[in-house]
Amino acid sequence: MKRYAEVRFIGYVREAGEESKIEILNEFRDGLTGIEEFSHLIILYWMHMRDSEEERRTLLVYPRRHAVNVLKGVFACRSPSRPNPIGLCVVELVGVEGNMLTVRGLDAFENSPIIDIKPYLPHSDSIPDARVPEWTR
């Protein structure tokens with residue numbers, strides 16, 4: 001069984017903040033056709049500032065954003081330290097100009113490589129009655 005795969009970055013975060021700018025590389029620009037029809041997108045990005053052997057070996061963490069002091073596995077929380085530093089964020093699409101997306105709500109840093117973009121589909125991407133542990137509330 002194959003243990004490695006190649007990930008191609010399709011763009012980069014050029015400005016990070018309340019409104020962020022994502023530049024899509026010209027070779028992937030055609031993939032943006034029709035994206036302006038969506039109000040929200042799912043952005044997958046590479047957490048390049050956590051891409052080290054030490055961070056990739058981290059499997060137990062104390063969740064930072066929660067008032068709990070219990071070790072949890074990285075697959076049970078949103079820690080940026082993980083075997084593959086892939087970030088996921090749902091953003092509001094503010095505008096599209098050529099190969100530049102303006103989005104609101106992106107939690108990536110400037111220069112973070114973009115792995116993929118998917119349209120947010122409320123009927124399949126939202127599960128209102130999903131079960132979560134008490135410590136995440």
Side-chain angles (χ1 to χ4, degrees):
M1 180 178 274
K2 191 173 178 181
R3 289 185 50 116
Y4 295 95
E6 181 178 311
V7 174
R8 296 180 184 179
F9 299 147
I10 64 165
Y12 294 88
V13 176
R14 294 301 180 208
E15 294 177 24
E18 188 173 321
E19 282 194 359
S20 300
K21 302 275 189 194
I22 297 174
E23 179 184 18
I24 300 304
L25 300 174
N26 281 329
E27 65 188 284
F28 300 107
R29 185 177 180 164
D30 286 349
L32 295 175
T33 303
I35 202 165
E36 71 283 350
E37 298 175 52
F38 294 90
S39 67
H40 290 77
L41 305 171
I42 299 169
I43 306 293
L44 295 157
Y45 61 94
W46 196 259
M47 293 184 278
H48 65 293
M49 297 171 75
R50 292 292 184 119
D51 190 3
S52 70
E53 282 306 313
E54 180 183 354
E55 296 288 346
R56 284 174 170 248
R57 282 193 306 267
T58 301
L59 296 177
L60 294 170
V61 297
Y62 292 97
R64 292 183 314 158
R65 295 183 182 161
H66 304 283
V68 62
N69 197 21
V70 178
L71 274 176
K72 298 292 177 187
V74 295
F75 305 133
C77 62
R78 298 281 182 102
S79 171
S81 299
R82 46 199 329 111
N84 292 303
I86 298 171
L88 179 147
C89 189
V90 175
V91 300
E92 178 184 359
L93 179 60
V94 176
V96 181
E97 197 170 314
N99 63 333
M100 191 72 69
L101 305 177
T102 302
V103 299
R104 191 174 292 127
L106 184 67
D107 63 1
F109 292 112
E110 197 167 296
N111 297 319
S112 293
I114 302 299
I115 298 172
D116 203 359
I117 299 170
K118 299 177 184 298
Y120 179 86
L121 304 173
H123 62 274
S124 60
D125 293 324
S126 176
I127 303 171
D129 58 347
R131 180 176 48 88
V132 297
E134 188 64 38
W135 64 266
T136 65
R137 298 173 196 198

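Because the structure is predicted, anything quoted here is derived from the model rather than measured. The figures here come from the full heavy-atom set of this structure, side chains too, leaving out hydrogens, waters and symmetry mates.
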Distance (rounded to the nearest 0.5 Å) between [X] [atom1] and [Y] [atom2]:
X: Phe109; Y: Tyr45; atom1: CZ; atom2: OH; result: 8.0 Å
X: Ile10; Y: Asn99; atom1: CD1; atom2: CG; result: 11.0 Å
X: Tyr12; Y: Ile114; atom1: OH; atom2: CD1; result: 10.0 Å
X: Tyr62; Y: Leu60; atom1: OH; atom2: CG; result: 9.0 Å
X: Leu101; Y: Ile24; atom1: CG; atom2: CD1; result: 5.0 Å
X: Met49; Y: Asn111; atom1: CE; atom2: CG; result: 9.5 Å

Contact summary for [X] and [Y], nearest pair of heavy atoms:
X: Glu19; Y: Arg104; result: OE2-NH2, 2.6 Å
X: Asp125; Y: Pro119; result: OD2-O, 3.7 Å
X: Leu93; Y: Phe38; result: CD2-O, 3.5 Å
X: Phe28; Y: Phe9; result: CE1-O, 3.7 Å
X: Pro80; Y: Pro85; result: O-CB, 4.4 Å
X: Gly98; Y: Leu32; result: O-CD1, 3.9 Å

Walk me through whether Tyr120 and Ser39 qualify under side-chain contact (heavy atoms from CB on, under 4.5 Å).
CA-CA 8 Å; Tyr120 179 86; Ser39 67; over 6 Å; no
Check whether any side-chain heavy atom of Met47 sits under 4.5 Å from a side-chain heavy atom of Arg82, and report yes or no.
yes
Could you tell me if the side chain of Leu59 sits less than 4.5 Å from the side chain of Pro83, heavy atoms only?
yes
Sole candidate of Arg57, Arg50, Glu54, Arg56 that passes side-chain hydrogen bond (donor to acceptor under 3.5 Å, both in side chains) when paired with Ser81:
Arg50
The single option from Val91, Ile43, Val96 that satisfies side-chain contact (heavy atoms from CB on, under 4.5 Å) with Ile22 is Ile43
Is it possible for you to say whether [X] and [Y] belong to one hydrophobic cluster, with membership spreading through side-chain heavy-atom contacts below 4.5 Å?
X: Leu71; Y: Val61; answer: no
X: Val94; Y: Leu41; answer: no
X: Val7; Y: Leu25; answer: yes
X: Met100; Y: Val13; answer: no

Could you walk me through whether Glu23 and Lys21 pass salt bridge (Lys or Arg N to Asp or Glu O under 4.0 Å), step by step?
CA-CA 6 Å; Glu23 179 184 18; Lys21 302 275 189 194; over 6 Å; no
